[in-house]
Each structure stands twice: as structure tokens, then as C-alpha cells.
Amino acid sequence: MSLTSGAARTTPARAVTLGAPRSRQARTSIDPVWRVWITRHRVVAAILAGIVATHMATIIGFWLPAVGLPKLDWPSANGGVFTPYGSAIQQFVSGSVFHYTDGVVFTVVFALALHHLLPWRNTERGNLAKGLFFGTVLAIISCGFMVPLVYFPQFHPGFFSLNLGWKVILAIFLWHWVYGLHVGLIYNPLPADALEHAAPLPNAEIDTQLTQD
């Protein structure tokens, strides 16, 4: 009788102990944890995506001469606009603040106002296509407006910055494609109907089992 009672007392504990890893493994193999989190925290995810995407593209901008393209120093370019009478260091620092702020703001606007309007479904490839499309739009705005009218009007870039040469235009598009690529890779929410069937987070599931037992 004591053995039977002891077995009855220990069985639920063993079920919880052994069942939790199986439940966690099953959940993570079926439901993408990261994408569920993004879908439920869109603003925070967009801010994170904006920081990473802007930083990666900024690094690529400094590395472009290695492949025969002009260097794109957007922090200094922004600093020249916002602190035109500052030193090179002051322009770089102030420009970096505005440059990264712009990158984050653009990503948040994209995530909240534009992402759901684009025709691709919220699959991994669809979100990547949305990010690259957004990067292309920003590159067109950069070549058509920002470079000739805001950043470098003294160089008379002409229509769509054509006077600066095809390498400059290619570098601008490549920079924004890197940005858009990382936006699409990081800001990767689930389709609207998929979130309803997403399993709860592993810790919440285990806590529920322990409470019930």
C-alpha cells in the first residue's frame, strides 16, 4: 500500500519533469520562437531591426572602396547638414546620432505603416522581399532627392545624381539593399492567422503545468 501511494505521489512530479523538455522541444521545432515574439512586440522588434540594419549598412558603406565603389560616409554627410561649422569629429558624432535615429525611425514607420500594405505574405521570403523593396524605395529617394538637393548640392549631381557617375548610384543602391536585407531578416513577423495557432512560450507552458499539478 505504501509503495502504491508513493508511486502515485511521484508520478505527477516525473510527468512534469520529463514532460517539460519534450514540450519545449516540440514547441520550438514547430513554432518559430523569434517570429512569435516579433509578431507580439512589433515596435520593439522594429527598433532592434533598425539599429542592426543601419549599423550593418553603415559598415558596408565604409568598406565599398574594397570592391571599387566610392565610400559612403553617411554619418559625416548628415553632420555636414546639421553641424556645418563643426570640426570633422563633431560632424561625424552629430551626424551619427541623426543617421542612426533616421534609420530606426524609418524602420518603425515601415513596420507599422507600410509592412502590411505590401503584397507579399508574411513568410520568411515575403518579409525579406518587403525589406528589400523598402530599401530600394529609400535608395531612389536618396539618389533623386537627398544627394542632389540636401547632402551634396555643391557638386551639382544633376537628375537622379547621374552627374556623379554610375558607381555612386550603384553604391547608394547597394547600401540601401544591405539595410533592407537586414530589416527583412530581423523584422520577420508571422502571418496574421498564424499567431492564433502559435504555442505559448516554453516557460509559460511549464509554469502552467506546475500550477495544474
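Predicted model, so just to flag it, every value in this text is computed and none were measured.
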Asker: Is the backbone of Pro157 close enough, under 3.5 Å, to the side chain of Ser161 for a donor and an acceptor to pair up by distance?
Answerer: no
Asker: What side-chain donor-acceptor pairs closer than 3.5 Å can you find for residues 135-145, not counting sequence neighbours?
Answerer:
{"from": "Thr136", "atom 1": "OG1", "to": "Leu132", "atom 2": "O", "distance (Å)": "2.9"}
{"from": "Thr136", "atom 1": "OG1", "to": "Trp177", "atom 2": "NE1", "distance (Å)": "2.8"}

Asker: Does any N or O in the side chain of Tyr151 come within less than 3.5 Å of the main-chain N or O of Trp74, such that one atom is a donor and the other an acceptor?
Answerer: no
Asker: What's the spacing between Leu174 CG and His176 NE2 if we round to 0.5 Å?
Answerer: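 It is 11.0 Å, given to the nearest 0.5 Å.
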Asker: Restricting to non-hydrogen atoms, name the atom on Arg121 and the atom on Pro191 that form the minimum distance, rounded to 0.1 Å.
Answerer: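 That closest heavy-atom pairing would be NH2-CB, 3.5 Å.
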Asker: Is there side-chain contact between Thr83 and Phe98, with heavy atoms separated by less than 4.5 Å?
Answerer: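 Side chain of Thr83 against side chain of Phe98, heavy atoms only: no contact under 4.5 Å found.
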Asker: Within the supplied structure, the quantity of interest is the number of heavy atoms (other residues, nucleotides, ligands) at a distance under 6.0 Å from Trp63 CH2; does it exceed 12?
Answerer: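 Incorrect, the count does not exceed 12.
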Asker: Would you say Ile89 has more than 12 foreign heavy atoms packed within less than 6.0 Å of its CD1?
Answerer: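 Not more than 12 within 6.0 Å, no.
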Asker: Carefully, step by step, assess Phe134 and Leu118 under the rule side-chain contact (heavy atoms from CB on, under 4.5 Å).
Answerer: CA-CA 10 Å; Phe134 183 58; Leu118 297 178; 5.7 Å; no
Asker: Treating Ile, Leu, Val, Met, Phe, Trp and Tyr as nodes and any side-chain heavy-atom pair under 4.5 angstrom as an edge, say whether Phe106 and Phe133 lie in one connected cluster.
Answerer: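 Yes, it is one cluster - the side chains of Phe106 and Phe133 are joined through contacts under 4.5 Å.
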Asker: With distance as the sole test, does Thr39 use its side chain to make a donor-acceptor pair with the main-chain N or O of Leu190 at under 3.5 Å?
Answerer: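 Looks like yes, one N/O pair under 3.5 Å.
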Asker: With a 4.5 Å cut-off on side-chain heavy-atom distances among I, L, V, M, F, W and Y, is there a chain of contacts connecting Val150 to Val105?
Answerer: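 No, because Val150 and Val105 fall into different hydrophobic clusters, even though each may have its own neighbours under 4.5 Å.
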Asker: Please answer: with hydrophobic residues joined when any side-chain heavy atoms are less than 4.5 Å apart, are Leu48 and Val44 in the same cluster?
Answerer: yes
Asker: Find out if a path of hydrophobic residues (ILVMFWY) with successive side-chain heavy-atom gaps under 4.5 Å connects Val81 to Tyr85.
Answerer: no
Asker: Spell out, as yes or no, whether a donor-acceptor pair under 3.5 Å connects the side chain of Asn127 to the backbone of Pro189.
Answerer: yes
Asker: Do the ring planes of Phe173 and Phe160 sit parallel (below 30°), tilted (30 to 60°) or perpendicular (above 60°)?
Answerer: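 Judged by the thresholds at 30° and 60°, the geometry between Phe173 and Phe160 is tilted.
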Asker: If you link I, L, V, M, F, W and Y whenever their side-chain heavy atoms are under 4.5 Å apart, who else ends up in the same group as Val104?
Answerer: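 Under the 4.5 Å side-chain rule, Val104 groups with Val43, Ile47, Ile51, Val108, Leu112.
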Asker: Please say yes or no: joined through hydrophobic side-chain contacts below 4.5 Å, possibly via intermediate residues, are Leu64 and Val147 part of one cluster?
Answerer: yes
Asker: In Å, rounded to the nearest 0.5 Å, how long is the span from CE of Met56 to CD1 of Ile60?
Answerer: 6.0 Å
